[in-house]
Amino acid sequence: MPHTEGRRSRVAVVTGGASGIGEAVCRHLAARGHRVAVLDLDGDGADRVAKALRADGAEALAAAADVTDRPALGAAFAEIRSALGPTEILVTSAGLVAFDRFEEITPERWDRLIDVNLTGTFNCCQMALPDMVAARWGRIVTISSSSAQRGSPEMAHYAAAKGGVIVLTKSLARAYAPHGITANSIPPSGIETPMQHRSQAEGNLPASATMAAAIPLGHLGTPDDIAAAAAFLASAEAGFITGQVLGVNGGSVL
Ligand SMILES: NC(=O)c1ccc[n+]([C@@H]2O[C@H](COP(=O)([O-])OP(=O)(O)OC[C@H]3O[C@@H](n4cnc5c(N)ncnc54)[C@H](O)[C@@H]3O)[C@@H](O)[C@H]2O)c1
């Protein structure tokens with residue numbers, strides 16, 4: 001019997017919602033009738049995305065906050081709760097990438113990559129979970145990285161943070177299963193976003209054609225590819241899926 005409850009409008013918070021994968025997730029969740037909070041460090045970008053969602057008939061709000069700033073994040077979640085309602089879906093796409101030879105990673109650089117990618121995810125999950133527990137329903141989808149699955153020579157800090165995100169997600173899945181809350185992670189690879197284009201422009205990633213040649217499906221992914229999977233994992237229909245790592249990577253074997 002399909003879950004008709006899947007059509008219900010929920011409040012979804014999407015971190016990193018102003019760009020790339022997060023922006024696409026906002027669009028997909030809004031298209032499913034959810035009320036979407038676009039949370040991002042880039043307040044203007046979040047405003048732009050929220051405005052576009054509202055122009056398409058969705059209920060949406062921009063929330064400017066740095067995921068490493070707990071007081072700002074607390075204020076943002078409170079604002080979202082009073083404007084849209086309690087959070088029931090959280091997708092954490094805010095992230096910072098960096099490429100450094102291992103011996104050149106300074107402690108400050110290490111801390112920053114862990115702070116934004118791992119502690120930022122922890123902060124957002126901790127802010128969102130009380131509402132989900134109260135609702136006895138919740139969906140957490142973290143965006144990790146394929147670099148955490150295979151290791152990455154010039155991204156040890158980033159890959160370590162994203163590996164932490166994967167095991168944080170699995171831990172949340174086990175801790176909150178009794179509350180009707182699922183937690184799953186999508187580790188993207190080769191998705192055409194501003195982050196990837198910046199890394200290519202800086203010479204840290206090969207050109208798109210070279211990257212595509214290494215992917216079994218023969219092309220790079222789009223933010224919509226990730227967003228479709230995230231929207232499914234956030235749906236009522238995905239209620240028996242938790243603690244999983246869903247590769248959306250064109251068949252790359254990791
Ligand atoms: N593009 C890829 O191929 C790829 C591959 C693996 C993992 N990822 C992961 O996917 C996620 C989305 O990446 P993207 O490619 O869409 O990048 P993007 O740079 O286009 O978007 C990232 C967004 O996160 C926001 N952000 C960064 N730091 C923040 C902070 N401290 N607080 C709040 N917001 C912050 C940025 O302002 C931006 O809007 C990231 O976590 C990234 O690590 C992407």
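Atoms within a ligand are numbered from 1 in the order they appear, just like the ligands themselves.
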Point to revise | Residue selection (non-hydrogen contact nearest atom 5 (C) of ligand 1) among Ser147, Pro188, Ala63, Ala64 | key: Pro188
Review point. With a 4.0 Å cut-off, would you call Arg27 and Asp56 a salt bridge?
Key: no
Exercise for review: Around atom 8 (N) of ligand 1, find the nearest protein heavy atom and jot down its residue, atom name and distance.
Suggested key: Tyr158 OH, 3.6 Å
Check your understanding: Quick one: do the Thr15 and Thr92 side chains pair a donor with an acceptor below 3.5 Å?
Key -> no
Review point. Is Val97 near ligand 1, meaning one of its heavy atoms is under 4.0 Å from it?
Key: no
Review point. Looking at Trp137, is Arg8 sitting on its ring face, NZ or CZ under 6.0 Å from the six-membered ring centre and within 45 degrees of the normal?
Key: no
Practice item. Find all atoms of ligand 1 within a distance of less than 4.0 Å from any non-hydrogen atom belonging to Gly16, and give their numbers and elements. Key: 23 (C), 24 (O), 25 (C)
Point to revise | Heavy-atom closest contact (Ala230 atom, Val25 atom, distance) | key: CB-CG2, 4.1 Å
Exercise for review: Using a strict 4.0 Å cut-off to heavy atoms of Arg198, name the atoms of ligand 1 that fall inside it.
Suggested key: 19 (O)
Point to revise | Partner of Val36 under side-chain contact (heavy atoms from CB on, under 4.5 Å), chosen from Val91, Leu29, Val13 | key: Leu29
Study note, to complete from the structure: Closest to atom 27 (C) of ligand 1 (heavy atoms only, candidates Gly22, Gly17, Ala94, Gly95) is Gly95
**Study point:** Heavy atom of Ser144, distance to ligand 1 below 4.0 Å
**Key:** yes
Review point. Which distance, rounded to the nearest 0.5 Å, do you find between the OG of Ser199 and the CE of Met211?
Key: 8.5 Å
Check your understanding: What atoms of ligand 1 come closer than 4.0 angstrom to any heavy atom of Ile191?
Key -> 1 (N), 2 (C), 3 (O)
Review point. Which ligand 1 atoms does Gly190 reach within 4.0 Å, using its non-hydrogen atoms?
Key: 3 (O)
Review point. Ligand 1 and Ser19, any nitrogen or oxygen pair closer than 3.5 angstrom?
Key: yes
Review point. Atoms of ligand 1 less than 4.0 Å from Ile143 heavy atoms?
Key: 9 (C), 10 (O), 11 (C)
Practice item. Number the atoms of ligand 1 from 1 as they appear, then name those within less than 4.0 Å of a heavy atom of Ala65, with their elements. Key: 32 (N), 33 (C)
Exercise for review: Find all atoms of ligand 1 within a distance of less than 4.0 Å from any non-hydrogen atom belonging to Thr193, and give their numbers and elements.
Suggested key: 1 (N), 14 (P), 15 (O), 16 (O)
Point to revise | ligand 1 contacted by Lys162 (non-hydrogen, < 4.0 Å) | key: yes
Exercise for review: May I ask you to decide if Ser144's main-chain N or O and Thr142's side chain share a donor-acceptor pair within less than 3.5 Å?
Suggested key: no
Study note, to complete from the structure: Gly20 heavy atoms within 4.0 Å reach ligand 1 at atoms 16 (O), 20 (O)
Check your understanding: Where is the tightest heavy-atom contact between Lys162 and Ala148, given as atom of each residue plus distance?
Key -> C-CB, 3.6 Å
Exercise for review: Identify which one of Arg35, Glu88, Glu59, His34 satisfies the side chain to side chain donor-acceptor pair (under 3.5 Å) criterion when paired with Ser9.
Suggested key: Arg35
